[in-house]
4 protein chains.
Amino acid sequence: MLSRSHPKPLRTGRPRSAAADEAILEATRASLVDLGWSKLTMGDVATRAGVAKTTLYRRWAGKNELVVDAVAVLFDELEMPDLGSLSADVQAVVLQFAALLERPETRTALMAVVAESTRDEALRTRIRDSIVDRQKRLVLQGRQRAQERGELPVEEDEEAASATADLIFDVIAGAVVHRALVSAEPIDADWARRFTALLLAGLEAAASS
Amino acid sequence: MLSRSHPKPLRTGRPRSAAADEAILEATRASLVDLGWSKLTMGDVATRAGVAKTTLYRRWAGKNELVVDAVAVLFDELEMPDLGSLSADVQAVVLQFAALLERPETRTALMAVVAESTRDEALRTRIRDSIVDRQKRLVLQGRQRAQERGELPVEEDEEAASATADLIFDVIAGAVVHRALVSAEPIDADWARRFTALLLAGLEAAASS
Amino acid sequence: MLSRSHPKPLRTGRPRSAAADEAILEATRASLVDLGWSKLTMGDVATRAGVAKTTLYRRWAGKNELVVDAVAVLFDELEMPDLGSLSADVQAVVLQFAALLERPETRTALMAVVAESTRDEALRTRIRDSIVDRQKRLVLQGRQRAQERGELPVEEDEEAASATADLIFDVIAGAVVHRALVSAEPIDADWARRFTALLLAGLEAAASS
Amino acid sequence: MLSRSHPKPLRTGRPRSAAADEAILEATRASLVDLGWSKLTMGDVATRAGVAKTTLYRRWAGKNELVVDAVAVLFDELEMPDLGSLSADVQAVVLQFAALLERPETRTALMAVVAESTRDEALRTRIRDSIVDRQKRLVLQGRQRAQERGELPVEEDEEAASATADLIFDVIAGAVVHRALVSAEPIDADWARRFTALLLAGLEAAASS
DNA sequence: ATATAATCGAGACGGTACGTCCAGTCTTCTT
DNA sequence: AAGAAGACTGGACGTACCGTCTCGATTATAT
């Protein structure tokens with residue numbers, strides 16, 4: 001979002017500390033781990049970051065926005081590996097995602113910002129842009145590889161393909177999150193295998209119909 | 001002061017008002033609708049219920065516990081209908097669940113208490129007991145009907161059957177919640193149809209393997 | 001106010017426990033010692049007395065009334081001794097009074113109820129009846145003895161005599177209380193001697209004028 | 001962070017509002033008049049002063065400290081006049097003091113904080129510094145004038161002189177307070193005359209002995 | 001004996017104020 | 001202009017007592 005068309009925005013005065021930004025996000029994650037979402041305070045984050053509260057508010061509108069930004073980057077580490085088969089790839093991603101949800105800073109924060117977003121359209125957009133939509137790439141990437149391997153047919157109807165991708169994304173992300181956070185049961189290799197089997201069999205059958 | 005085997009714990013003092021309990025839960029739901037989770041205050045609930053704040057704290061440890069109890073009852077209205085086929089039954093339940101998640105009092109509250117529960121074991125237990133586990137009945141009921149109709153084979157390995165039921169529950173609940181609250185896309189009859197097709201095909205294939 | 005014209009007030013039902021009254025007053029004094037006036041609570045007094053809060057309120061209108069009654073009895077122990085001279089008698093009473101004001105239950109309570117009484121006419125009356133006026137006897141008794149000994153002339157103008165007694169009472173009680181509680185300086189035999197000298201010299205000169 | 005001899009404690013951040021201080025003390029006195037000591041609440045004072053409750057607590061530890069400061073200034077208005085004779089001067093001060101004790105903000109507050117101080121050493125010190133000791137100046141001033149006029153001999157023993165001043169202060173302040181607040185009788189010119197006569201005669205006799 | 005009635009302990013009730021904490025803003029001086 | 005520091009308003013928190021009320025259980029007098 002950095003593409004300003006102005007060659008010089010005519011910035012005067014002391015420039016913002018670039019180091020502060022990362023220090024604040026890091027402090028936010030640390031505070032999340034220690035205190036959890038509801039106990040996290042802006043003052044605490046500022047203190048940990050060695051920064052004044054003013055500086056926080058100059059850069060983020062509030063607690064929600066700050067936490068979304070602090071947490072978003074964690075989801076970028078998810079990678080679709082290439083293990084030779086769609087099944088292996090999906091299982092691996094499921095386990096990666098589960099591992100991410102084990103970490104305390106994601107655990108609380110994800111649900112909390114989602115909860116907040118149900119009443120705040122701007123926040124919902126921010127979450128979708130920063131977190132959700134960016135992970136759909138995994139689904140698309142996995143499908144393309146499977147198609148290259150001949151495991152999946154190349155879909156021609158673009159719209160239907162997109163709808164299916166969305167559906168798969170909701171099923172994978174939803175099931176993993178629900179298992180991890182709501183049912184609060186462990187997600188191990190066995191569960192990943194069984195879940196993947198269910199998903200791929202369903203996909204295959206749906207595709208051949 | 002002769003200590004008989006005490007069939008009654010000898011309740012003394014003024015008994016708690018039974019009417020207050022229901023008034024409070026009702027007021028909590030109303031406040032949830034108007035203000036949402038994060039803006040809801042104990043004071044507001046007390047005022048709406050025509051009750052003193054102390055009465056709330058005498059019965060619930062805090063906001064989280066109160067909201068779980070207030071919302072739990074809403075989930076009991078979910079019903080597994082008998083529409084003649086497993087597919088139709090599942091689609092109907094998915095749409096019911098989606099409709100429930102449209103309601104503002106469930107929307108915010110559900111995710112918020114789940115988020116809180118990631119740091120609070122007691123709350124997690126309460127949620128599981130009051131909300132989650134009670135809805136697993138729907139899965140079991142659906143399966144039994146399908147087996148009676150001959151749509152699904154009768155599983156003999158009890159443990160495997162239970163694990164499969166859990167998996168299905170996580171997939172259904174997870175996908176619906178994720179679609180509704182995270183992806184924030186509408187859940188209509190078409191989505192329900194496509195999701196159900198995926199699920200049942202997966203189940204069938206998994207069963208015959 | 002005890003002059004009921006009814007020979008029998010026709011009291012039926014369970015009579016009030018006589019033991020409770022004394023237990024409550026005793027508990028009040030104990031609580032005063034431990035907690036002081038402002039921290040004393042009705043609930044605490046009830047617990048100490050092994051009595052329900054209801055029982056307190058059935059007998060006293062509130063904290064103020066209860067404390068006045070609990071403390072009043074302590075002032076009755078003041079005695080005007082007969083040591084052979086007015087000066088010795090006055091010094092002895094001053095020291096007795098000072099000793100009474102050293103005790104924690106009187107220290108706090110006396111000033112606190114006086115403070116309350118500045119806004120509460122009924123309480124002011126109760127204090128005057130229960131505590132203040134009853135101690136004026138000491139002044140009258142001392143004067144009479146001094147007159148019998150010939151140390152003081154017999155006053156003929158009754159009204160003037162009464163006004164003088166009031167003045168002396170205010171001077172003695174006021175000076176002792178002020179020294180003990182406001183100046184917070186010790187009242188020892190030397191102070192008592194010097195104060196008495198001042199007072200009696202003033203009296204004598206005033207009488208002979 | 002090198003600790004130099006710190007001529008300035010290096011005040012950083014927004015300075016405290018000086019205006020708020022006076023507004024709060026004024027509001028405290030107003031609240032005292034309307035509600036009296038025991039009904040006065042910090043919240044009410046804050047509202048009257050147009051200030052947040054936190055601002056009060058940032059500057060005063062509690063109700064007691066606040067009230068002492070609010071009331072202390074009232075006592076500074078007492079003045080020892082110069083009416084040509086010691087007797088006239090004393091009578092005038094007595095009447096001034098009595099008038100001060102008529103005012104509702106002093107009436108309740110004085111006794112209440114004295115009562116509290118019996119359990120709180122810090123408060124006792126604060127009262128002595130802010131109120132009591134500052135009024136001893138009146139005694140010293142009166143004595144000096146009387147000595148200049150030749151009404152009183154110049155005392156040589158400094159210690160004895162100081163003890164006498166303390167005694168006189170306790171007698172005057174004590175008698176006036178006791179008459180006004182405990183006996184709850186009016187202090188008029190006649191009472192002031194009789195009291196002054198008693199006091200000065202006693203003084204004279206004591207001095208000549 | 002059996003009402004009738006006031007008392008008792010216990011503890012929940014509607015309220016009010018407490019003192020604390022945090023959000024988000026504002027004001028000062030420093031960089 | 002941005003920064004650190006910290007005071008500011010405003011509002012919810014959860015607690016503590018207040019004085020009242022409802023209970024079931026006692027304990028008297030009056031029938």
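Note on naming: letters A, B, ... go to the chains in the order of the sequence lines (proteins, then strands), and numbering restarts at 1 for each one. Computed from a predicted model, the values in this text were never measured in an experiment.
The side chain of A/V51 lies closest to F/dA4 when the candidates are F/dA4, E/dG9, E/dG15. Taking the side chain of C/T12 as heavy atoms from C-beta on, and the options E/dA10, E/dC13, F/dT29, the nearest nucleotide is F/dT29. With F/dT9, E/dG24, F/dC18 as the candidates, the nucleotide lying closest to the side chain of A/K53 is E/dG24. When distances are taken from the side chain of B/R14 to each of E/dT20, E/dA23, F/dC21, the shortest belongs to F/dC21. Distances from the side chain of B/R58 to the nucleotides F/dT9, F/dG3, E/dA12 place E/dA12 closest.
When all heavy atoms of C/I24 and C/L56 are compared, the closest pair comes out as CD1-CD1, 3.9 Å. Scanning both residues, A/V114 and B/L181, for their nearest heavy atoms gives CG1-O, 4.1 Å.
Nearest-nucleotide mapping onto DNA chain F: of A/A52 and D/P15, the residue sitting toward the 5' end is A/A52. Judged by closest nucleotide on DNA chain F, D/A20 is the one of B/G43 and D/A20 placed further toward the 5' end. Map A/Y57 and D/D44 each onto its nearest nucleotide of DNA chain E; the residue landing nearer the 5' end is D/D44.
Between C/W37 atom CH2 and F/dC17 atom P the separation is 15 Å, expressed in whole Å. A/L56 has its CG atom 17 Å from the P atom of F/dG6, to the nearest Å. The distance between atom CD1 of A/I24 and atom C1' of F/dG3, rounded to the nearest whole Å, is 11 Å. Across the protein-nucleic acid pair, C/K63 atom NZ and F/dT20 atom P stand 16 Å apart, rounded to whole Å. Regarding A/K39, its NZ atom lies at a distance of 12 Å from the C1' atom of F/dG14, rounded to whole Å. Look at CZ on C/R16: it is 9 Å from C1' on E/dA6, rounded to the nearest Å. When the C1' atom of E/dG14 is taken as reference, atom CZ of B/R48 falls 19 Å away, rounded to whole Å. Note: CE (C/M42) to P (E/dG15) measures 22 Å, nearest angstrom.
The shortest distance between side-chain heavy atoms of A/M42 and A/L66 falls below 4.5 Å.
A/T41 has no side-chain polar atom (N or O) that falls below the 4.0 Å cut-off from OP1 or OP2 of E/dC21. Remark: B/T55 is in phosphate contact with E/dG14, judged by side-chain N or O atoms under 4.0 Å from OP1 or OP2.
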With salt bridge (charged side-chain N to carboxylate O under 4.0 Å, His left out) as the test, would you mind laying out the steps for B/D69 and B/R59 before giving the verdict?
-> CA-CA 11 Å; B/D69 279 12; B/R59 301 173 188 214; over 6 Å; no

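Contacts of C/T54 with the nucleic acid, taken as non-hydrogen atoms under 4.0 Å apart, include base atoms. Here B/G50 lies in heavy-atom contact (under 4.0 Å) with sugar-phosphate atoms only.
Using a 4.0 Å cut-off between charged nitrogen and carboxylate oxygen, A/R48 and A/D44 count as a salt-bridge pair.
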